[in-house]
Amino acid sequence: MGDPRDNGDVNQVEVVVAHHECATLRVGDLFLKIYSDQTRTDVEVEAMARAPIPTPEVLWRKPPVLALAALPGTALGRLGEPSIASSAAWAAAGATVRMLHDAPLPPWPGRTLDELTARLDGECDWLLTNDVLPADVVSYNRRLAETALRPWTPAFIHGDLQITHVFVEGDEVTGVLDWSEASRGDALYDLATLTLAHEQHLGDVVAGYGTDVDLDVIRAWWSWRSLVVVRWLAEHGFGPLEEMPEVAVLRSRS
């Protein structure tokens with residue numbers, strides 16, 4: 001490799017996200033992901049290989065670094081901001097998720113009902129003990145969240161299907177990012193994560209998904225995810241509590 005100063009077109013390094021669990025850097029069209037726990041890298045690589053939908057190309061892996069090619073297009077939206085994507089793009093996202101959920105299950109298990117219940121209990125206790133949110137907001141959303149904690153038929157789920165992880169170009173999905181939490185789980189959890197704080201697009205997503213779903217359970221997962229993520233966001237420097245979209249979701253439902 002020659003001296004980079006000989007080339008005026010030198011890519012800058014952009015820190016996409018960084019916390020004690022994971023750091024993601026972008027250098028031009030290359031993404032470098034560094035996990036503190038290499039089992040998460042194992043899951044990400046294996047899940048992308050198994051998923052029947054577009055995913056980033058794995059360029060190389062040299063632990064602890066995983067190099068991925070950038071996806072074409074732009075993210076479906078950002079949490080807490082209006083999405084400029086079309087209704088057709090949201091429906092295409094729903095259809096893409098359905099393809100994933102219809103795929104053969106991955107060989108590794110997901111979280112059990114007992115684990116999900118315990119996490120909800122622990123996070124609600126923390127929110128109340130530390131006076132993070134009013135007790136009535138926590139208790140109301142907790143009752144809603146408990147609706148989601150029921151038996152389900154396992155599906156191949158992404159596990160962290162935020163809208164920033166779904167890329168579109170026009171009305172087509174070009175790929176889905178960040179597979180480290182993929183597992184067997186409740187299909188409605190993915191639909192809830194995708195539409196969290198974007199309830200106005202739920203109808204488009206469900207239409208694209210192409211089958212009847214229990215909207216009350218999706219809304220219950222909105223409460224569950226919002227309740228359990230607040231402490232993590234606060235501890236990892238994701239802004240003041242009052243500016244978190246998840247907090248806004250909890251307050252809007254109480």
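What you see is a predicted model; the values in this text were computed from it and never measured.
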Is there a donor in the side chain of [X] and an acceptor in the side chain of [Y], or the other way round, less than 3.5 Å apart?
X	Y	value
His158	Asp190	no
Asp186	Trp221	yes
Trp90	Gln200	no
Ser223	Arg142	no
Thr112	Asp114	no

Would [X] and [Y] show up in the same hydrophobic cluster when neighbours are defined by side-chain heavy atoms closer than 4.5 Å?
X	Y	result
Val228	Trp232	yes
Leu144	Val249	no
Val45	Leu30	no
Val15	Val27	yes
Leu177	Leu79	no

Minimum-distance pair of heavy atoms, taken over all atoms of [X] and [Y]:
X	Y	answer
Ser183	Pro109	CB-O, 3.7 Å
Val132	Leu241	CG1-CD1, 3.4 Å
Met99	Pro52	CE-O, 3.3 Å
Thr164	Gly77	CG2-O, 3.4 Å
Pro154	Leu105	O-CD2, 3.6 Å
Ala135	Leu128	CA-CD2, 3.6 Å

Whether [X] side chain and [Y] backbone form a donor-acceptor pair below 3.5 Å:
X	Y	value
Arg231	Trp126	no
Trp108	Ala182	yes
Arg26	Gly28	yes
Ser83	Leu76	yes
Trp179	Val176	yes
Thr193	Asp160	no

Any side-chain heavy-atom pair from [X] and [Y] closer than 4.5 angstrom?
X	Y	result
Thr117	Asp121	yes
Leu149	Leu120	yes
Val206	Leu202	yes
Leu127	Val230	yes
His101	Ile157	yes
Tyr35	Glu44	yes
Glu181	Val43	no
Val173	Ile53	no

Taking the cut-offs as 6.0 angstrom to the six-membered ring centre and 45 degrees off its axis, would you call Arg98 and Tyr209 a cation-pi pair?
yes

Test side chain to side chain contact (heavy atoms under 4.5 Å, CB included) applied to Cys22 and Ile34, step by step
CA-CA 6 Å; Cys22 176; Ile34 306 168; over 6 Å; no

Salt bridge check, [Y] against [X]: does any charged N sit closer than 4.0 Å to a carboxylate O?
X	Y	answer
Arg119	Glu115	no
Arg225	Glu246	no
Arg219	Asp216	yes
Arg251	Asp136	no

As an exercise, state the distance from [atom1] of [X] to [atom2] of [Y], rounded to the nearest 0.5 Å.
X	Y	atom1	atom2	answer
Leu191	Ile218	CG	CD1	5.0 Å
Ser180	Glu46	OG	CD	14.0 Å
Ile84	Arg78	CD1	CZ	12.0 Å
Trp224	Tyr189	CH2	OH	5.0 Å
Ser226	Met244	OG	CE	11.5 Å
Thr74	Phe167	OG1	CZ	7.0 Å

Trace of the side chain to side chain contact (heavy atoms under 4.5 Å, CB included) decision for Leu227 with Glu123
CA-CA 7 Å; Leu227 287 168; Glu123 295 303 321; 5.6 Å; no

Candidate pair Phe156 and Arg50, rule side chain to side chain contact (heavy atoms under 4.5 Å, CB included), full reasoning
CA-CA 10 Å; Phe156 184 173; Arg50 291 176 175 273; 3.9 Å; yes

Apply side chain to side chain contact (heavy atoms under 4.5 Å, CB included) to Thr41 and Lys33, showing your working.
CA-CA 9 Å; Thr41 311; Lys33 301 190 72 173; over 6 Å; no

Show the atom names and distances, to 0.1 Å, of all donor-acceptor pairs under 3.5 Å that link a side chain in residues 55-72 to residues at least two apart or in another chain.
{"residue": "Arg61", "atom": "NH1", "partner": "Asp42", "partner atom": "OD1", "Å": "3.0"}
{"residue": "Arg61", "atom": "NH2", "partner": "Asp42", "partner atom": "OD1", "Å": "2.6"}

Should the pair His236 and Phe238 be assigned to parallel (<30°), tilted (30 to 60°) or perpendicular (>60°) ring geometry?
tilted

Results of side chain to side chain donor-acceptor pair (under 3.5 Å) for Trp222 - residues two or more places apart only
Thr195

